[in-house]
Amino acid sequence: MSEAVFYLTTPIYYVNDVPHLGHAYCTVASDIVCRYRRLQGRDVHFLTGTDEHGEKILRTAQEKGMSPKEWTDEIVPRWLEVWDALDITNDDFIRTTEERHEKPVQTFVQALYDKDEIYLGTYRGLYCVGCEAFKTEDDLVDGRCPLHPNRDIEHLEEDNYFFRLSKYAEPLIERYTSNERALMPEGRRNEIVGKLRQGLDDLSISRVSFDWGIPIPWDEKHVIYVWIDALQNYTTAVGYGQDPEMFDRVWPANVHMIGKDILWFHSVIWPAMLMALDLPLPETIFATGFLQIGGEKMSKSTLTGISPHDLISTFGSDGYRYYFMRDISFGQDGEFSWEGMVSRYNADLANDFGNLVSRVSTMVKRYLNGTLPAPPRGDEVTEAERGLRAAFENAMDDVEASFDAISPTQAAKAAFTFVRKANSYVEEVAPWSLAKDESNRRRLEVVLYELTEALRLMSLMLSPFIPRAAQELWTRLGQEGEVASHTFEAARWGGLAEGTKIVTGEPLFPRIEEE
RNA sequence: GGCAGGGUGGAGCAGUCUGGUAGCUCGCCGGGCUCAUAACCCGGAGGUCGCGGGUUCAAAUCCCGCCCCUGCAACCA
């Protein structure tokens with residue numbers, strides 16, 4: 001029996017516009033978690049995609065003089081491009097306009113209808129004739145539509161289908177009060193439980209006022225409104241209604257990674273719909289915080305005004321990934337700044353890690369002609385080596401515990417304690433001193449073997465965060481193939497073979513000098 | 001107004017749930033090393049833990065009140 005599937009999803013992003021830092025943040029975190037699970041040998045299924053229906057997209061397309069499908073076809077590649085630039089390793093990418101999504105969504109809605117979970121009711125709301133759309137109280141300014149202030153808002157009624165959401169308040173409270181992993185972080189769980197205790201209304205799930213969406217199968221003048229359509233991607237992408245074998249194998253999701261803005265829909269509406277059809281619930285819903293822009297250099301920008309590309313060009317994919325995971329406490333709101341990014345990049349990636357790689361590989365080249373000696377025998381290992389190895393074991397344990405707690409920030413921090421320890425080990429054993437006296441030859445071989453082995457293990461351990469540098473290092477250490485294709489089975493001390501050729505190279509992370 | 005998060009040495013943060021010598025990174029000062037990307041290592045200075053009360057032998061940590069900042073306000077992570 002193979003390891004159970006680890007199924008993680010990002011939100012499907014609403015492609016009204018191009019991706020910004022917030023979208024990338026959530027996706028990068030997801031990718032890092034998935035890469036880590038793969039190293040553990042898990043059979044990972046990593047899904048992301050795009051949400052392409054709904055009124056806003058219809059309007060955006062109209063403004064551009066296109067059909068909605070033409071518009072989304074044009075914009076989706078912009079998203080793929082960013083994920084590619086960030087080395088995102090999603091296994092699938094779903095668009096809600098695909099047939100594999102639309103048909104199963106209808107199956108799902110039909111199933112709810114057949115179970116009497118959906119009924120025809122009347123939606124009463126405020127309607128703006130100019131927008132041809134319903135508005136909420138909060139959309140209005142002084143009781144008028146901000147886009148059409150000279151038109152009166154009308155009170156209108158419309159036949160809508162409703163999902164019997166109200167009856168799931170109790171089961172949801174029960175779930176979130178009894179299972180602390182069901183919704184994370186803790187603060188978010190408390191928030192939702194609090195809201196649930198105020199009770200739930202049934203939910204309108206169809207519209208007749210526009211037609212860019214999936215038709216209700218038994219009443220085609222209605223299109224399915226966002227919730228049932230978009231949320232369903234998590235199941236339709238893994239075979240719901242089409243491939244029962246795959247669906248049984250992959251569903252439920254282990255993690256739905258989302259932003260805190262869409263927490264309500266994921267933690268209330270989505271599980272309620274699954275409960276209605278007796279489907280298994282996702283193991284964990286994790287809501288990330290929001291990013292804010294700080295610092296001098298970019299303080300005039302808005303979050304949505306910065307493209308990930310603007311940062312990747314300076315910091316690289318690795319620098320980007322590492323910075324956001326390391327500097328912003330995962331699950332909380334955080335502040336992004338250019339200055340902070342330069343500082344973190346230089347301190348951790350260039351000075352501590354990149355420089356360690358340079359100094360070790362240079363010494364191996366200079367003192368050992370680039371060829372690894374035999375690993376140390378038990379009696380050749382001193383207190384210094386034991387300290388280095390213990391630091392590795394501790395770091396690995398911390399990293400594992402951190403990922404179990406879905407805390408990549410903590411994991412990155414833990415991994416770097418090993419990097420720092422390796423630097424202090426270099427000082428402690430001072431290979432350049434050993435090299436001055438031929439009688440220390442074997443001791444020199446031992447310490448450089450240990451250091452090189454430490455680099456190999458760092459390559460594995462850091463590869464979820466900095467996959468490119470990890471791969472480059474892996475190759476320089478004379479290792480075959482891709483570091484990412486290995487598992488932590490390879491993370492046992494002493495894995496480097498005698499005679500392995502080590503090569504030097506350009507700095508993995510050149511320092512970024514502030515202009 | 002409501003809801004949420006936050007106010008900890010110069011900067012950015014952890015610690016607060018499970019009270020008990022205040023921890024990390026950057027910066028600064030001093031020293032070391034010379035293998036390395038002016039990098040690395042060691043040591044040091046620097047804090048009334050927003051304010052005021054309370055509980056306690058003991059509070060950054062629990063309780064009450066207040067001030068300030070940020071975000072949200074059901075479809076932008």
Under 3.5 Å on both distances, the Watson-Crick or G-U partner of [N]:
{"N": "B:C62", "result": "B:G54"}
{"N": "B:A4", "result": "B:U70"}
{"N": "B:C35", "result": "none"}
{"N": "B:C26", "result": "B:G10"}

Original post:
Between the side chains of A:T9 and A:H256, does any donor sit under 3.5 Å from an acceptor?
Top reply: yes

**OP:** Specify the residue among A:R188 and A:L291 whose closest nucleotide of RNA chain B lies further upstream toward the 5′ end.
**Re:** A:R188

Describe the nucleic acid contact of [X] in one word from base, sugar-phosphate, nothing, applying a heavy-atom distance below 4.0 Å.
{"X": "A:G354", "result": "base"}
{"X": "A:I258", "result": "sugar-phosphate"}
{"X": "A:F290", "result": "base"}

Choosing from [options], which nucleotide comes nearest the side chain of [X]?
{"X": "A:R511", "options": "B:C24, B:A39, B:C41", "result": "B:A39"}
{"X": "A:E335", "options": "B:C76, B:C13, B:C35", "result": "B:C13"}
{"X": "A:N355", "options": "B:U37, B:C33, B:C41", "result": "B:U37"}

**OP:** May I ask you to verify whether the side chain of A:N351 and the base of B:A39 hold a donor-acceptor pair under 3.5 Å?
**Re:**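 In this structure, the two groups form no donor-acceptor pair.
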
Original post:
Parallel, tilted or perpendicular for A:F465 and A:F403, by the 30°/60° rule?
Top reply: tilted

Look at [X] and [N] and indicate whether a side-chain polar atom (N or O) is within less than 4.0 Å of OP1 or OP2.
{"X": "A:S361", "N": "B:A36", "answer": "no"}
{"X": "A:R359", "N": "B:U34", "answer": "no"}
{"X": "A:Q292", "N": "B:G5", "answer": "no"}
{"X": "A:K195", "N": "B:G2", "answer": "no"}

**OP:** Verify the ring-centre separation between A:F315 and A:Y320: is it less than 6.0 angstrom?
**Re:** no

**OP:** Could you tell me if the ring centre of A:F336 sits under 6.0 Å from that of A:Y25?
**Re:**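 When the ring centroids of A:F336 and A:Y25 are compared, they turn out to be at least 6.0 Å apart.
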
Original post:
How close or far is atom C1' of B:U25 from atom CZ of A:R326, stated in whole angstroms?
Top reply: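 Nearest whole value for this atom pair: 6 Å.
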
Original post:
Rounded to the Å, how far apart are A:I262 CD1 and B:C72 C1'?
Top reply: 15 Å

Subject >> Separation of the C1' atoms in B:A45 and B:C28, to the nearest angstrom >> reply: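 About 9 Å, rounded to a whole number of Å.
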
